[in-house]
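Along the sequence shown, the residues carry numbers beginning at 1.
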Amino acid sequence: MGESAIGVIRVSGPAALAVVTPVLKSSVPLEDFPSHTLRRVAVVDLATGERVDQALCVVMRAPRSATGEDVVELSCHGSPALLRMVTRWLIAGGARLAEPGEFTRRAFLNGRLDLAQAEAVALLISARTERAVALAARALAGGLSERARALREDLLDLVAGLEVTLDFPEEHAGLDVEKARHVVARLRAAAERWAAAARQGHVVHDGITVALVGPPNAGKSSL
């Protein structure tokens, strides 16, 4: 962890406010902070009560938070020593260090993200090119999820139409076989296009391995 202008500490869970309250000094108690509003606070040493930093604090109450739980975020100055101190005090007050990807996992379990969006978070963090960032951001915004939901709805409509046809063949209701065949072909073509785009996305994100093969002095090293 290096030096930075700002270092953000996030605490998530039902006891988030109770854990953070002892390390802050503010004219308004933390439990009275309006949700999703930044306020300036003082960060104080638990042992001495002395002020160690001026920070910005935001409370995001469940379920309108990144994880779907009560969340408190402190934007402190980015001193590694300061951030270690504050983190140590929060742990002493009952918090624990988050596991890798835990905030995203909690968001998924609490319905704030679907699986495709949760995977997109990891892709966005590890993106190495601008194109990879754009693709991951599109998936995080729900583009893939919306297309998958639309495909599922079309398939359910198709199944329902065929079941009506099978149950009431004399009524000429539901979906005839020829029309169903066209719908299946259309949906399959769409799914195959998405699969091809996914393969291209893997290339954008992970790159490709290329072997340069040729006789000596052909220019391989120069290339």
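Distance OG1/T104 to CD/E119: 11.5 Å, rounded to 0.5 Å. The CG atom of L113 sits 7.0 Å away from atom CG of L140, with the distance rounded to the nearest 0.5 Å. Once rounded to the nearest 0.5 Å, the distance linking CD of E69 with CZ of R112 reads 11.5 Å. Atom-to-atom distance recorded for E163:CD and L158:CG is 10.0 Å, nearest 0.5 angstrom.
Remark: S65 engages M60, T67, V71 in a side chain to side chain contact (heavy atoms under 4.5 Å, CB included) (not counting sequence neighbours). By the side chain to side chain contact (heavy atoms under 4.5 Å, CB included) test, T165 is found to be paired with L175, residues two or more places apart in sequence or in another chain being considered. Every residue meeting the salt bridge (charged side-chain N to carboxylate O under 4.0 Å, His left out) condition with R149, not counting sequence neighbours, appears here in chain and number order: D114, E146. Scanning for side chain to side chain contact (heavy atoms under 4.5 Å, CB included) contacts around M85 gives V52, R88, W89, with sequence neighbours left out. Considering only residues two or more places apart in sequence or on other chains, P14 meets the side chain to side chain contact (heavy atoms under 4.5 Å, CB included) condition with none of them.
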V41/L56 under side-chain contact (heavy atoms from CB on, under 4.5 Å): CA gap, chis, key distance, verdict: CA-CA 6 Å; V41 296; L56 292 177; over 6 Å; no

Chi angles and distances behind the side-chain contact (heavy atoms from CB on, under 4.5 Å) call for L155, R152: CA-CA 5 Å; L155 288 171; R152 180 177 183 274; 5.6 Å; no

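Residue pairs meeting the side chain to side chain donor-acceptor pair (under 3.5 Å) criterion with at least one member in residues 126-140, sequence neighbours excluded: S126-H205. The side chain to side chain donor-acceptor pair (under 3.5 Å) analysis of residues 32-60, with sequence neighbours excluded, yields the pairs D53-H77. The side chain to side chain donor-acceptor pair (under 3.5 Å) contacts involving residues 17-26 comprise nothing, where partners must be two or more places apart or lie in separate chains. Residue pairs meeting the side chain to side chain donor-acceptor pair (under 3.5 Å) criterion with at least one member in residues 190-203, sequence neighbours excluded, are R188-E192.
Q117 and A141 get closest at one heavy-atom pair: NE2-C, 4.0 Å. For S145 against A116, the heavy-atom pair with the smallest separation is OG-CB, 3.6 Å. Shortest non-hydrogen contact noted between A107 and A66 is CB-O, 3.1 Å. Across all non-hydrogen atoms, the minimal contact from L162 to A180 is CD2-CB, 3.7 Å. Contact detail for A16 and V11: the closest heavy-atom pair is CB-O, 3.7 Å. A95 and V19 make their closest contact through CB-CG1, 3.9 Å (heavy atoms, listed as atom of the first residue, atom of the second, distance).
In the hydrophobic cluster analysis, where Ile, Leu, Val, Met, Phe, Trp and Tyr join through side-chain heavy atoms closer than 4.5 angstrom, L156 is grouped apart from L187. When the side chains of ILVMFWY residues are joined at heavy-atom separations under 4.5 Å, either directly or via intervening members, L46 and L82 end up in a single hydrophobic cluster. By the criterion of side-chain heavy atoms lying less than 4.5 angstrom apart, applied directly or through intervening Ile, Leu, Val, Met, Phe, Trp or Tyr residues, L144 is not grouped with I125; the two fall into different hydrophobic clusters. Linking ILVMFWY residues whenever their side-chain heavy atoms come closer than 4.5 Å, directly or via other members, places L24 and V59 in the same cluster. Connection of V43 to I6 is not established within any shared hydrophobic cluster, with ILVMFWY side chains joined at heavy-atom distances below 4.5 Å, either directly or through further cluster members.
Side-chain atoms of D176 come within 3.5 Å of backbone N or O of E178 as a donor-acceptor pair. Put simply, the side chain of E3 never gets that close to the backbone of S79: no donor and acceptor are under 3.5 Å apart.
A side chain to side chain contact (heavy atoms under 4.5 Å, CB included) with C57 is found for exactly one of I9, L74, L38, namely L74.
In the hydrophobic clustering, where aliphatic and aromatic side chains (Ile, Leu, Val, Met, Phe, Trp, Tyr) are joined below 4.5 Å either directly or transitively, L97 groups with I91. Members clustered with L109: F108, L115, by chain and number, using a 4.5 Å side-chain heavy-atom cutoff among hydrophobic residues. When hydrophobic residues (I, L, V, M, F, W, Y) are linked wherever their side-chain heavy atoms come within less than 4.5 Å, the members clustered with V210 are V203, I208, L212, L223.
Looking at V183 and D154, their side chains never come closer than 4.5 Å, going by heavy atoms from C-beta outward. Residues V86 and L90 meet the side-chain proximity criterion, which asks for heavy atoms closer than 4.5 Å. Between C76 and L83, some side-chain heavy-atom pair lies under the 4.5 Å cut-off.
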